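Take a look at this one; I'll ask things after.
No experiment lies behind these values; they were computed from the predicted model shown. Per chain, numbering begins at 1; letters A, B, ... match sequence-line order.
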Amino acid sequence: MAIKIYNTMSRKLEEFIPGGEPKEQITDYPPVTIYSCGPTVYSFAHIGNFRTFIFNDLLRRYLKFRGYSVDHAMNITDVDDKTIKGALAEGITLKEYTDKYTKIFFEDLKKLNIEPVEHNPRATESIEEMIDIIKKIDEKGIMYNSEGSLYFDISKFPQYGRLSNLDKREIKAGARYDADEYNKEDVRDFALWKAPKENEPFWETPYGPGRPGWHIECSAMIRKIFGKTIDIHTGGVDLIFPHHENEIAQSEAAYGEKFVRYWLHVEHLLVDGAKMSKSAGNFYTLRDLLNMGYSPRPIRYLLISAHYRKQLNFTLEGIKHSEQALERIDNLIVRLRDIKKEEHNFNECDNLIAKLYFDFTEAMDNDLNISGALGVFFEFVSKVNTLISEEKLSKNDAEKIIAAINKLDSVFGFINFESEEDVDAERIEALVQERIQAKKDKNFKRADEIRDMLKEEGIILEDTKDGTRWKRKK
RNA sequence: GGCGCUGUACCCAAGUGGUAAGGGAGAGGUCUGCAAAACCUUUAUUCAGCGGUUCGAAUCCGCUCGGCGCCUCCA
């Protein structure tokens, strides 16, 4: 059984073979090389952006779950029109400006429980490698210089357009192909290197001073970090054209070898039925939502729970639904931890867990079908709840089940969330004890009073036959 | 105009040829001093619509209607 993923290049579901060479065992494969297009650090990322980054996270986590090791890079674009403009507007250096938003970006990633990746190259730290590629392209005569800017010559790269299927495209009447201020021979040619304008930062090169075009950094970083064909390249669907098409053109023209084996593209997050985007103004940042009182955990759940190739319509109601779903999982774990029974009289626990793994893997192997996998998981939750109600599980069974849930959570990343120690634990515990005594004394008025008081603080009490447990409402 | 994604219950969402997963919400029941949690039962003769292929289709084909995106910076 192998993982199947949808490759934008072939528009088909393909069996995933890292390195292009089938091996006997998963552990025989070299680390899976992944490159993900990261953010341009000119302002806060919005949660549409995070949908893609959470998908990247799901992908690498699942590969690891399946036994692959991963070598994953995500870039930080820290020089482009927007960052330059932003720095200028604030009267600080480009570096000061981009450092600020880079830091915020990584904080947000952490809040969403997105694993750090192995490499986070910055565009401004990869100039040398960009020039290397440009030299190669130059040697092959596939570029030209126009007013100090260097352009890739589409007409000399016949494969251009294979990824986006736009090679034979007709130009829509009125399309703004003349938007670029520079002189290009063909409207579809794109800048490898841009001549400096007034007040803009620039780097000295054998081709003269200037700054990178947008697409060159990804090609350069991939070469710098991986040095050869990579397995997976990810990004939002809006990057298929022109960004990824241009990356392919640059890298394959320069090095004459296949650039990427599998192209994975994440569909957009919609809000009110339209694409969430900065320019449209219809976006939420993570901070917006946190300020509204939502937690990162249900946000992660919501963004991860729909299949990545389907548009997902974001609503605040969706976050609430996610909170409820998570509560169901949390309640199960609380119940499992509460089991004290020592003797074993149930023999199906291992089978139940084995089936969980099998069905989960089957769903996820199919192009990372997380919704199917969640269905499998919640069926398991129901079964275990029933077993607990029937008092069939021992403490040992419960521990095995918790371990299995944690194993799946190495992929989900929304169950075990960092939670701070409860500073009020002692006080709450004392009140709980007082209430137990009140109940014994049939003083239900006082008992309810305590319960209501704690509820005000968001603390839920649950009476079980073994005593009272409490939890914070998430 | 070209290239894509998409339309499944009140909401979210799997299923891509074998007779509709799962979550939320709703209703009834069990348990409980009352709750909460959990469990049980229940909620789509039907998958935008209409044709076709097939023993059999939500799944394949055709047409129609609707939503979204890319073709310009964009995850």
(request) Answer yes or no: side-chain N or O of Ser389(A) and base N or O of A38(B) forming a donor-acceptor pair under 3.5 Å. (result) no
(request) Over 60° means perpendicular and under 30° means parallel, so classify the ring planes of Phe152(A) and Phe157(A), tilted if in between. (result) perpendicular
(request) With heavy atoms under 4.0 Å as the rule, sort Ile388(A) into base, sugar-phosphate or nothing. (result) nothing
(request) With heavy atoms under 4.0 Å as the rule, sort Gly318(A) into base, sugar-phosphate or nothing. (result) nothing
(request) Report yes if a side-chain nitrogen or oxygen of Arg328(A) is closer than 4.0 Å to either non-bridging phosphate oxygen (OP1 or OP2) of G23(B); otherwise report no. (result) yes
(message) Can you check the distance between A57(B) and G51(B), where both ends of the measurement are the C1' atom (answer in whole Å)?
(response) 14 Å
(request) Establish whether the base of G33(B) is bridged to the side chain of Asp448(A) by a donor-acceptor pair shorter than 3.5 Å. (result) yes
(request) Under 3.5 Å for both distances, Watson-Crick or G-U wobble, that's the pair rule; now give the dot-bracket for RNA chain B, with | marking pairs to another strand and [ ] for crossing ones. (result) ((((((((.[[[..)..(...]]].(((((.......))))).....[[[[[..)....]]]]])))))))....
(message) Could you tell me how far apart Asn282(A) (CG) and C68(B) (C1') are, to the nearest whole angstrom?
(response) 12 Å
(message) Base, sugar-phosphate or nothing for Arg446(A)? Non-hydrogen atoms, less than 4.0 Å.
(response) nothing
(request) With a 4.0 Å heavy-atom cut-off, tell me which residues in residues 72-87 of chain A come close to RNA chain B, sorted by residue number. (result) Lys82(A)
(message) Output the rounded distance in Å from CG (Asp359(A)) to P (G22(B)).
(response) 13 Å
(message) Using a heavy-atom cut-off of 4.0 Å across all strands, would you classify His243(A) as base, sugar-phosphate, or nothing?
(response) nothing
(message) For a quick check of understanding: with a heavy-atom distance under 4.0 Å over all strands, which category does Gln324(A) fall into, base, sugar-phosphate or nothing?
(response) sugar-phosphate
(message) Check this for me: does the side-chain of Arg51(A) come within 3.5 Å of the base of A75(B) through a donor and an acceptor?
(response) no
(request) Name all residues meeting the side-chain hydrogen bond (donor to acceptor under 3.5 Å, both in side chains) criterion together with Asp463(A); count only those two or more places apart in sequence or in a different chain, and write none if there are none. (result) Arg435(A), Lys439(A), Thr468(A)
(message) Taking 4.0 Å as the cut-off, does a side-chain nitrogen or oxygen of Ser371(A) come that near to OP1 or OP2 on A14(B)?
(response) yes
(message) Could you tell me how far A25(B) sits from G15(B) if I compare only their P atoms? Round to whole Å.
(response) 24 Å
(message) G15(B), OP1 or OP2 - any side-chain N/O from Asn369(A) closer than 4.0 Å?
(response) yes
(message) Looking at the base of C68(B), is there any donor atom on it, or on the side chain of Gln311(A), that sits under 3.5 Å from an acceptor on the other one?
(response) yes
(message) Just the rounded figure in Å: distance from P of U8(B) to CG of Asn313(A).
(response) 12 Å
(message) Quick check on A75(B): is either OP1 or OP2 less than 4.0 Å from any side-chain nitrogen or oxygen of Ser36(A)?
(response) no
(message) If you only use heavy atoms from C-beta on, which nucleotide in G33(B), A14(B), A75(B) is closest to the side chain of Arg451(A)?
(response) G33(B)
(request) Could you work out the separation of C34(B) and U45(B) based on their C1' atoms and round it to a whole Å? (result) 43 Å
(message) Classify the ring geometry of Trp263(A) against Phe259(A): parallel below 30°, tilted from 30° to 60°, perpendicular beyond 60°.
(response) tilted
(request) Just call it for Leu270(A): base, sugar-phosphate, or nothing, with non-hydrogen atoms closer than 4.0 Å on any strand. (result) sugar-phosphate
(request) Give me the ring orientation class for Phe105(A) and Phe50(A): parallel if the planes are under 30° apart, tilted from 30 to 60°, perpendicular past 60°. (result) parallel
(message) Whole angstroms only, please: what is the NZ-P distance between Lys383(A) and G22(B)?
(response) 10 Å
(message) Can you see if the side chain of Lys445(A) gets near the phosphate of G33(B) - specifically, an N or O under 4.0 Å from OP1 or OP2?
(response) no
(message) Please classify the nucleic acid contact of Lys275(A) as base, sugar-phosphate, or nothing, using heavy-atom distances under 4.0 Å.
(response) base
(message) Assess whether a salt bridge exists between Glu348(A) and Lys355(A), defined as any Lys/Arg side-chain N lying under 4.0 Å from an Asp/Glu carboxylate O.
(response) no
(request) Using only heavy-atom distances, decide whether a donor-acceptor pair under 3.5 angstrom links the side-chain of Asp463(A) to the base of C34(B). (result) yes
(request) Take atom CD of Glu456(A) and atom P of A35(B), then tell me their distance rounded to the nearest Å. (result) 19 Å
(request) Would you indicate what Lys439(A) reaches in the nucleic acid, counting non-hydrogen atoms under 4.0 angstrom: base, sugar-phosphate, or nothing? (result) base
(request) Using atom CD1 of Ile370(A) as one end and atom C1' of C12(B) as the other, report the distance to the nearest whole Å. (result) 15 Å
(request) Could you state the atom-to-atom distance from CZ of Phe378(A) to C1' of G22(B) in whole Å? (result) 8 Å
